[in-house]
Amino acid sequence: LVTLVGPTASCRALVPSTSNGGSSLGLSWTLLPNPANINNWFNGLMGVGYERSGANTYDPLINIDVEFQMYNINQTCYIRIPFNVADPSAFDSLELRMQWDDGFVAFINGTVVQADNAPGTVTWNSAAFNANHEANAGSFDIYNITQQLGALKTGQNILAIHGLNRGTGSSDMIIRPELYG
């Protein structure tokens, strides 16, 4: 497998609101180029989320902490991870690995490639269906998304993750993807 997005890839994250322009983006944030409000996005390495419990399960995995922006405010977080592909035709398979809590929708260049515990249509303040899924800090859920190989483009690509919590008062949230071709 070729690593397209690794566990500590560079990314941008935004908890959308009316004040930071995120509520009016629609799905444009899942595409190239960067959205107009990109200067309002956090810039860092993968591992986006927060943990309020004393369990310390997710904290070691989080590089961009969004607790202040999410807790009791919004149950959605947008994440953009740029990656390059020299030749998309060189791949015959595509695999998304996810650590997540409570739900997500994954896009490659605006195309939905996988969703779990998510409504069919997501908006800037969507919620996960339920809070049953707790990410296992030591492993990933693996999704074969080979049928979405056509979403890859030569050059720069965007893996966009719409992270979902089940309520604004949730005690934790984690989104940590990896992508392999």
Side-chain angles (χ1 to χ4, degrees), residues 5 9-53 55 57-59 61-82 96-135 140-141 143 145 148 151 157-177 179:
V5 172
S10 294
C11 70
R12 298 260 190 171
L14 178 78
V15 177
S17 69
T18 54
S19 63
N20 66 20
S23 65
S24 62
L25 291 174
L27 292 177
S28 67
W29 68 273
T30 68
L31 303 165
L32 286 170
N34 284 330
N37 72 339
I38 197 68
N39 290 333
N40 295 332
W41 294 57
F42 292 107
N43 191 15
L45 301 177
M46 265 320 308
V48 176
Y50 69 89
E51 182 174 29
R52 294 179 56 83
S53 73
T57 304
Y58 297 159
D59 276 338
L61 306 174
I62 295 170
N63 287 309
I64 297 179
D65 191 311
V66 292
E67 178 181 347
F68 182 76
Q69 292 75 23
M70 284 190 83
Y71 185 72
N72 283 334
I73 299 169
N74 193 353
Q75 50 206 357
T76 278
C77 182
Y78 294 162
I79 302 157
R80 291 173 53 85
I81 308 123
L96 177 67
R97 298 179 186 177
M98 290 287 298
Q99 288 178 313
W100 57 278
D101 177 351
D102 290 315
F104 73 92
V105 179
F107 304 81
I108 294 177
N109 300 318
T111 298
V112 175
V113 295
Q114 186 66 47
D116 214 326
N117 202 26
T121 301
V122 286
T123 63
W124 69 276
N125 59 356
S126 290
F129 282 140
N130 59 58
N132 290 343
H133 188 275
E134 290 291 321
F140 289 79
D141 290 341
Y143 303 92
I145 58 170
Q148 303 297 340
N157 291 262
I158 291 289
L159 173 62
I161 308 289
H162 188 140
L164 302 164
N165 239 346
R166 180 65 189 137
T168 59
S170 178
S171 64
D172 56 20
M173 188 261 194
I174 185 77
I175 297 292
R176 198 163 165 251
L179 184 64

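- At least one donor-acceptor pair under 3.5 Å links the side chain of N63 to the backbone N or O of M46.
- At least one side-chain heavy atom of P16 sits under 4.5 Å from a side-chain heavy atom of N74.
- The minimum heavy-atom distance linking N130 with N117 is given by the pair O-ND2, 2.7 Å.
- Figure legend: R52 and Y71 shown as a cation-pi pair, the cationic atom lying under 6.0 angstrom from the six-membered ring centre and within 45 degrees of its axis.
- Between R176 and V48, the closest side-chain pair of non-hydrogen atoms is not below 4.5 Å.
- To the nearest 0.5 Å, the span separating SG on C11 from CD1 on I175 amounts to 11.0 Å.
- The shortest side-chain heavy-atom distance between L14 and F42 does not fall under the 4.5 Å cut-off.
- Residue D102 holds its CG atom at 11.0 Å from CG of D116, rounded to the nearest 0.5 Å.
- Of all non-hydrogen atoms in A106 and L96, the two that sit nearest each other are CB-CD2, 3.7 Å.
- L159 pairs in a side-chain contact (heavy atoms from CB on, under 4.5 Å) with only one of the listed residues (N109, I79, I81), which is I81.
- The nearest pair of heavy atoms linking L45 to I64 is O-CG1, 3.8 Å.
- Taking the side chain as every heavy atom from C-beta outward, V105 and V112 approach each other to under 4.5 Å.
- Taking 4.5 Å as the limit, some side-chain heavy atom of F107 sits within range of a side-chain heavy atom of L27.
- In summary, the side chains of T76 and H162 do present a donor paired with an acceptor at a separation below 3.5 Å, with no hydrogens or angles considered.
- Using a 4.5 Å cut-off on side-chain heavy atoms (C-beta onward), W100 and D141 make contact.
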Do D172 and T57 pass the side chain to side chain contact (heavy atoms under 4.5 Å, CB included) test, and can you show the C-alpha distance, the side-chain angles, and the key distance before you say yes or no?
-> CA-CA 10 Å; D172 56 20; T57 304; over 6 Å; no
Mind running side chain to side chain contact (heavy atoms under 4.5 Å, CB included) on R97 and Y143 for me, showing each step along the way?
-> CA-CA 6 Å; R97 298 179 186 177; Y143 303 92; over 6 Å; no
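- One distance of note links OG of S53 with CG of D59; it measures 7.5 Å at 0.5 Å rounding.
- When side chains are defined from C-beta on, Q148 does not count as touching I108, because their heavy atoms never get closer than 4.5 Å.
- Taken to the nearest 0.5 Å, the CZ atom of F140 stands 9.0 Å off from the CE atom of M98.
- Heavy-atom minimum distance, S10 versus P82: O-CD, 3.6 Å.
- The closest side-chain heavy-atom distance from C77 to M70 is below 4.5 Å.
- For the residue pair R80 / N34, a side-chain donor-acceptor distance below 3.5 Å is found, with atom types taken as modelled.
- N40 places no side-chain N or O within 3.5 Å of a backbone atom of G21 that could act as its donor or acceptor partner.
- The OG atom of S171 sits 7.5 Å away from atom CD of E51, with the distance rounded to the nearest 0.5 Å.
- Judged by distance alone, the side chains of D101 and Y58 do bring a donor and an acceptor atom under 3.5 Å apart.
- Under the 3.5 Å distance criterion, the side-chain polar atoms of S126 are matched with a main-chain donor or acceptor of T123.
- The shortest non-hydrogen separation linking P177 to V5 is O-CG1, 4.1 Å.
- Nearest heavy-atom pair, A118 versus L164, reported as atom, atom and distance to 0.1 Å: CB-CD1, 3.4 Å.
- Atom OG1 of T30 sits about 11.0 Å away from atom CD1 of I161, to the nearest 0.5 Å.
- Aromatic ring orientation, W29 versus Y78: parallel (interplanar angle below 30°, classes split at 30° and 60°).
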